[in-house]
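Just below is one structure, and these are the notes that go with it.
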Amino acid sequence: MLRSYSRAALALCALLPFAAQAQADMAACRYTEVGALPLRYAGPGLHVMTDGSINGTPATMLVDTGSPDVVLSSNGVARHKLPLRSTSQTLHGVGGEAAIYTAQVDSLSAGPVKTGSATVSVVTEFGGTPAFDAIVASRFLLQADMELSLATKELRFFRPTGCAERHLAYWDPAAMVIPFEASSKADPNPRFTILVNGQKMRAMIDSGTRSTLIGLKAAQRAGLKLDAPGVTRVADSGGFGSKHVARWVTSFDTFQIGDETVLNAEVGVIDWDGHVDVLLGTDFLRSHRVLFAMGQRKLYLSHVGGETFSQGRTLEPWIVQEAEAGNPDAQFRLALAYLDGAGVARNPTLGGSWMDKAAKAGSAAANRRTGRRLMLEGFPAEGAARLRTALDKLPADGEAALWLYLARVRSKQPELAGTELAASFAHNKDNAWPMPLADFYLGKRSEEAVLKAAAAQAATAKTRTCEALTRMSEWHNVHGDLARARTLSEQFKAGCGRPGSGAGGV
């Protein structure tokens, strides 16, 4: 016993100089928090958002580490009345190519991160109307060290001084440390290696993606066979651009990140050959606390609880918690789950109750949906009020603007209908769809011209033609030309299927 104690004492004495040096190093290391941003889930997809400003007025920002550059959306342009300029450039993403425009801003800010006067890229094609005004991306966010904690819905920025190789995950001495393999000024978001079924994959953290995704070719390297049992085809995925790509959900035997291994990991697979193999989405971030230590070129990761991956095939507890806490967009998602029987037993009564609650709480998506329903059920004034609420939140939602026009005409307000519709499309300088339909509603374009515009692009020709037939039928209906409305409705049935299938109903 005495001998053992002596050895321990000698070892302790030997370590004292090193411990003293370590303490001195830590004393010299100052890890200063320079700002913080509260995060929230918003929009029908419950994406991670924060509040910022454009030209000094409030703006909703998508926090997207997967995108390198700050981008304004059509909503941001419309809400802040920014003139657009065309460029010859395009942006490539999951949704294919999207034209890039530019707009001049005097300032753009999110928390402590700000720009002065700048020319900012604008993308108007996201496969739908985005619920945000701008994307704050990696070049904007990663100018300092950044901690992302979805468990506490916080984003923090730090400046290290004299920290060298010190362990910076102050909340967890045992946090995983993953060195960067690639990061640049053009795209500072770190790339690093993970293992899927033992196969090396190039990965990055993408806070703009709701669930973790693997590219199809990379998944096939890891042994995926699309015709194998347990591989499920699900709804297509979209992003920048108007197209959607095929998506599947399957399980991989092992999914290893640092020293953490997830067994039977259920992950999404998309038919996309991007610049990385794996996008770790917000499902991963909800279960992990992450520090982007840009100065050290390291990632610090801690598992903080919960399932690492989720593909949204069940009703997740966090959505219920958000809904019960009063988040109107989470209430909308919960309503859809009960109405559609998605991940929960179908319950139309409960779904309808949550939908009305979401609309009254201010969800743009819920007001959009219930506004159209009320109009079609014979309550155009009530429907118009809800559609107006939706458009105030999503001013670039062209489809909702067309519905509002119909509701106003049915409410015997044709002049207001025309004025509001023209104002809704005043920002649309590139004649983008559904501008041709707005022109038809306002008497500026013929049916033939609308159908020609709908068929202009092969990839979207059928969808837009069906939509055009529906919307023009509705226009004739509210203006009393029932014969022409029926003719267009029959054309829809012949070429598109039953009324209401994919084009909103006739």
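Among residues two or more places apart in sequence or in another chain, the side-chain hydrogen bond (donor to acceptor under 3.5 Å, both in side chains) test is passed with D271 by none.
Between Y41 and W318, the ring centre distance stays below 6.0 Å.
Remark: the N55 side chain and the S107 side chain contain no N/O donor-acceptor pair separated by less than 3.5 Å. Using modelled atom types, one finds a donor on one side chain and an acceptor on the other under 3.5 Å when comparing T152 with E154. Between the side chains of E181 and T193, at least one donor-acceptor pair of N or O atoms lies under 3.5 Å. Side-chain polar atoms of T463 and T460 form no donor-acceptor pair below 3.5 angstrom. Defined by atom type and a distance below 3.5 Å, a donor-acceptor pair is missing between the side-chain atoms of S302 and H288. No hydrogens or angles considered: a donor-acceptor pair under 3.5 Å links the side chains of S109 and S53. Between the side chains of R191 and S184, no donor-acceptor pair is found at a separation under 3.5 Å. For the residue pair S117 / D106, no side-chain donor-acceptor distance below 3.5 Å is found, with atom types taken as modelled. Side chains of Y300 and D172: a donor-acceptor N/O pair is absent below 3.5 angstrom, by distance only.
Here the side chain of R79 pairs a donor or acceptor atom with the backbone of K393 at under 3.5 angstrom. Judged purely by atom type and a 3.5 angstrom limit, T370 uses its side chain to pair as donor or acceptor with the backbone of A366. Remark: side-chain polar atoms of Q321 are not paired, donor with acceptor, to backbone N or O of A323 under 3.5 angstrom. Checked by atom type and distance alone, the side chain of N367 never pairs as donor or acceptor with a backbone atom of T389 at under 3.5 Å. Q143 places a side-chain N or O within donor-acceptor distance of the main-chain N or O of F140, the cut-off being under 3.5 Å. Judged by distance alone, with hydrogens and angles left aside, the side-chain atoms of N197 form no donor-acceptor pair with the main-chain N or O of F252 at under 3.5 Å. In this structure, the side chain of Q311 engages the main chain of T212 through a donor-acceptor pair within 3.5 Å.
The aromatic rings of W272 and H275 sit perpendicular, their planes meeting at an angle over 60°, well past the 30° parallel limit.
Applying the side-chain hydrogen bond (donor to acceptor under 3.5 Å, both in side chains) test to every pair with at least one member in residues 328-348, sequence neighbours left out, gives these pairs: D329-S363. Annotation: salt bridge (Lys or Arg N to Asp or Glu O under 4.0 Å) contacts involving residues 223-233, sequence neighbours excluded, comprise R233-D236. Annotation: salt bridge (Lys or Arg N to Asp or Glu O under 4.0 Å) contacts involving residues 201-221, sequence neighbours excluded, comprise K217-D273, R221-D277. Residue pairs that meet the salt bridge (Lys or Arg N to Asp or Glu O under 4.0 Å) test with at least one member in residues 311-320, sequence neighbours left out, are E266-R313. Among pairs with a residue in residues 170-205, those fulfilling ring pair (Phe, Tyr, Trp, His ring centres under 6.0 Å) read F158-Y170, at least two apart in sequence or across chains.
For R388 and D392, the salt-bridge test passes: some basic side-chain N is under 4.0 Å from an acidic carboxylate O. Looking at R40 and E322, no side-chain N of the basic residue comes within less than 4.0 Å of a carboxylate O on the acidic one, giving no salt bridge.
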Before you tell me yes or no, could you show the steps for R247 and S211 under side chain to side chain donor-acceptor pair (under 3.5 Å), namely the whole-Å CA-CA distance, both residues' side-chain angles and the distance that decides it to 0.1 Å? CA-CA 12 Å; R247 181 182 172 202; S211 56; 3.1 Å; yes
Quick one: do E307 and R286 satisfy salt bridge (charged side-chain N to carboxylate O under 4.0 Å, His left out)? Show the steps, please. CA-CA 9 Å; E307 295 292 331; R286 266 188 294 278; over 6 Å; no
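Counting only heavy atoms from C-beta outward, the side chains of L62 and V48 never approach each other to under 4.5 Å. Taking 4.5 Å as the limit, some side-chain heavy atom of V320 sits within range of a side-chain heavy atom of L315. A heavy-atom distance below 4.5 Å is not found between the side chains of I100 and V122. Using a 4.5 Å cut-off on side-chain heavy atoms (C-beta onward), F132 and H47 make no contact. Side-chain atoms of L226 and L216, non-hydrogen and from C-beta on, do get closer than 4.5 Å to each other. Taking the side chain as every heavy atom from C-beta outward, L141 and F157 approach each other to under 4.5 Å.
Under the side chain to side chain donor-acceptor pair (under 3.5 Å) test applied with S138, the options D187, D64, T65 reduce to a single match, D187. Of the residues listed (V123, L84, V105, T102), the one engaging L72 in a side chain to side chain contact (heavy atoms under 4.5 Å, CB included) is V105, and it is the only one.
Surrounding NZ of K298 are more than 12 heavy atoms belonging to other residues, nucleotides or ligands, all under 6.0 Å away.
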